[in-house]
Amino acid sequence: MYPLAGIDFEAPSHAVAQQLIGVTVLVDGVGGRIVETEAYDRDDPASHTFNGPTARNAPMFGPPGVAYVYRSYGMHWCLNFSCREVGHGAGVLIRALEPTEGIAHMRARRGTDDLRLLCSGPGRLAQALAIDGTLSGRPLAVAPFALLPRGAAAGELHVGPRIGISKAVEVPWRFGEKGSRFLSRAFPAVRRP
DNA sequence: TCGCCGATGTTCT
DNA sequence: GAACATCGGCGAT
């Protein structure tokens with residue numbers, strides 16, 4: 001067990017992704033409550049770890065509870081947390097936060113005053129928290145990162161397919177806090193039988 | 001409100 | 001050389 005902010009980072013990525021909803025993540029004191037995540041795992045064609053270890057994805061093959069940051073479409077950074085045991089190759093993409101701390105910094109970095117546009121999407125939240133590739137491989141337990149346990153109320157979760165991928169599109173490993181205004185996109189309505 | 005499209009750079013084949 | 005875990009602007013509805 002690798003506990004951090006009350007989360008067992010050695011659990012499977014889909015379990016960690018659900019536990020992370022409601023946890024507060026800060027970088028140099030700026031951030032908010034996680035409201036949306038996606039799980040990725042080895043043996044998952046959509047995962048960066050599917051084809052084995054490389055220089056880029058090394059943090060996901062290392063110890064649990066470490067940041068994996070990659071560049072997306074040449075212009076955005078995306079933040080993940082490694083999980084599972086050393087050598088497994090799994091992680092959770094942090095897709096959206098509810099802004100709570102350092103909102104003035106986030107507004108300046110994002111160039112908007114609209115709270116809903118600060119951290120509602122993986123690229124947006126990375127920009128708001130000033131996350132870049134230099135943070136990849138850094139443990140979440142030490143500065144500049146900080147993780148704060150979620151409050152007592154564990155609200156209901158949305159579950160659905162992951163966003164923006166072309167493989168394993170049907171795997172329901174996207175999770176979101178039901179009722180949150182800060183999701184990157186609405187969850188698809190549940191299909192009627 | 002929705003959908004298309006271009007920007008832009010790294011990674012891996 | 002293709003693919004890409006995205007975003008914002010634009011025009012159509």
Side-chain angles (χ1 to χ4, degrees), chain A residues 9 12-21 25 27 31-32 34-62 64 66-84 88-99 106-137 140 157-177 180-189:
Chain A
F9 279 88
S13 54
H14 58 84
V16 176
Q18 294 177 63
Q19 294 180 56
L20 281 171
I21 302 294
V25 56
V27 177
I34 297 171
V35 296
E36 182 182 340
T37 59
E38 282 178 2
Y40 290 87
D41 213 325
R42 187 79 186 259
D43 302 329
D44 168 8
S47 174
H48 289 177
T49 57
F50 183 63
N51 289 310
T54 65
R56 178 177 67 153
N57 67 25
M60 285 197 285
F61 286 94
V66 165
Y68 163 56
V69 181
Y70 69 92
R71 206 199 263 286
S72 174
Y73 291 92
M75 60 191 80
H76 307 288
W77 296 102
C78 294
L79 173 67
N80 299 255
F81 297 167
S82 70
C83 59
R84 288 277 204 158
H88 183 90
V92 174
L93 172 67
I94 310 304
R95 284 197 57 91
L97 308 181
E98 173 182 340
M106 295 194 276
R107 283 181 162 144
R109 290 164 179 164
R110 290 276 304 126
T112 178
D113 284 344
D114 189 340
L115 270 187
R116 298 182 61 161
L117 295 179
L118 294 184
C119 299
S120 298
R124 290 168 176 167
L125 77 87
Q127 185 182 28
L129 274 60
I131 288 165
D132 66 20
T134 65
L135 293 180
S136 197
L140 300 170
L157 294 189
H158 285 293
V159 180
R162 296 171 292 183
I163 306 272
I165 57 173
S166 60
K167 298 165 189 164
V169 293
E170 74 289 352
V171 175
W173 276 1
R174 176 183 177 221
F175 306 95
E177 182 178 71
S180 174
R181 305 167 48 230
F182 299 97
L183 301 176
S184 65
R185 292 178 43 175
F187 279 72

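We name chains A, B, ... by the order of the sequence lines, and we start the count at 1 in each one. Heavy-atom basis, side chains included; hydrogens, waters and symmetry copies ignored.
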Below the 4.0 Å mark, does C/dT6 have OP1 or OP2 next to a side-chain nitrogen or oxygen of A/Arg71? no
Interatomic distance, A/Trp77 CH2 vs C/dT6 P [rounded to whole Å]: 15 Å
Counting any heavy atom closer than 4.0 Å, what does A/Ile165 reach on the DNA or RNA strands: base, sugar-phosphate only, or nothing? sugar-phosphate
Applying side chain to side chain contact (heavy atoms under 4.5 Å, CB included) between A/Tyr40 and each of A/His14, A/Arg162, A/Met60, report the one that passes. A/Arg162
Under 4.5 Å between any side-chain heavy atoms of A/Pro161 and A/Val169, yes or no? no
Between protein and nucleotides 8-10 of chain C, what N or O pairs are separated by less than 3.5 Å?
residue : atom : partner  : partner atom : Å
C/dG8   : OP1  : A/Arg110 : NH1          : 3.0
C/dG8   : OP1  : A/Arg110 : NH2          : 2.8
C/dG8   : OP2  : A/Arg124 : NE           : 2.7
C/dG8   : OP2  : A/Arg124 : NH2          : 2.6

Atom CZ in A/Phe81, atom CG in A/Leu93: separation rounded to 0.5 Å? 10.0 Å
Does a nitrogen or oxygen in the side chain of A/His48 sit under 4.0 Å from OP1 or OP2 of C/dA5? yes
Evaluate whether atom CZ of A/Arg185 has more than 12 neighbouring non-hydrogen atoms of other residues, nucleotides or ligands under 6.0 angstrom away. no
Given A/Ser180, A/Ser184, A/Cys119, the one that forms side chain to side chain contact (heavy atoms under 4.5 Å, CB included) with A/Val35: A/Ser180
Expressed as a whole number of angstroms, how long is the span from A/Asn57:CG to C/dC4:C1'? 15 Å
Distance in angstrom units between A/Tyr40 OH and C/dC4 P, rounded: 12 Å
Tell me which nucleotide among C/dT6, C/dA5, C/dC4 gets nearest to the side chain of A/Ile163. C/dT6
Donor-acceptor under 3.5 Å (A/Arg181 side chain, A/Arg116 main chain): no
For nucleotides 5-7 of chain B, which of its nitrogen or oxygen atoms have a protein nitrogen or oxygen under 3.5 Å away, and what is each distance?
none

Here's one to test your reading of the geometry: is the NZ or CZ of A/Arg174 within 45 degrees of the ring axis of A/Phe187 and under 6.0 Å from its centre? yes
With a 3.5 Å cut-off and no angle check, do the side chains of A/Arg109 and A/Gln127 form a donor-acceptor pair? no
A/Arg95 versus A/Thr37, side-chain donor and acceptor atoms under 3.5 Å: no
Atom CD of A/Glu38 and atom P of C/dA5: how far apart are they, to the nearest Å? 10 Å
What pattern of brackets, bars and dots sums up DNA chain C from 5' to 3', given Watson-Crick or G-U wobble pairs under 3.5 Å, [ ] for crossing pairs and | for another strand? ||||.|||||||.
How long is the line joining CD1 of A/Ile94 and C1' of C/dT6, in whole Å? 16 Å
B/dC12 phosphate, OP1 or OP2, under 4.0 Å from A/Thr54 side-chain N/O: yes
Keeping A/Arg124 on the side-chain end and A/Ser120 on the backbone end, is there a donor-acceptor pair under 3.5 Å? yes
What is the distance from CZ of A/Arg56 to P of B/dG9, rounded to the nearest Å? 16 Å
Give me the ring orientation class for A/His48 and A/Tyr70: parallel if the planes are under 30° apart, tilted from 30 to 60°, perpendicular past 60°. perpendicular
Does one side chain, of A/Asp132 or A/Thr134, offer a donor that lies under 3.5 Å from an acceptor on the other? yes
To the nearest Å, give me how far apart CZ (A/Phe50) and P (C/dC4) are. 13 Å
Without decimals, in angstroms, what is the distance between A/Asn80 CG and C/dT6 C1'? 14 Å
Identify whether any heavy atom of A/Ser184 sits under 4.0 Å from a base atom; if not, whether one sits that close to sugar-phosphate; answer base, sugar-phosphate or nothing. nothing
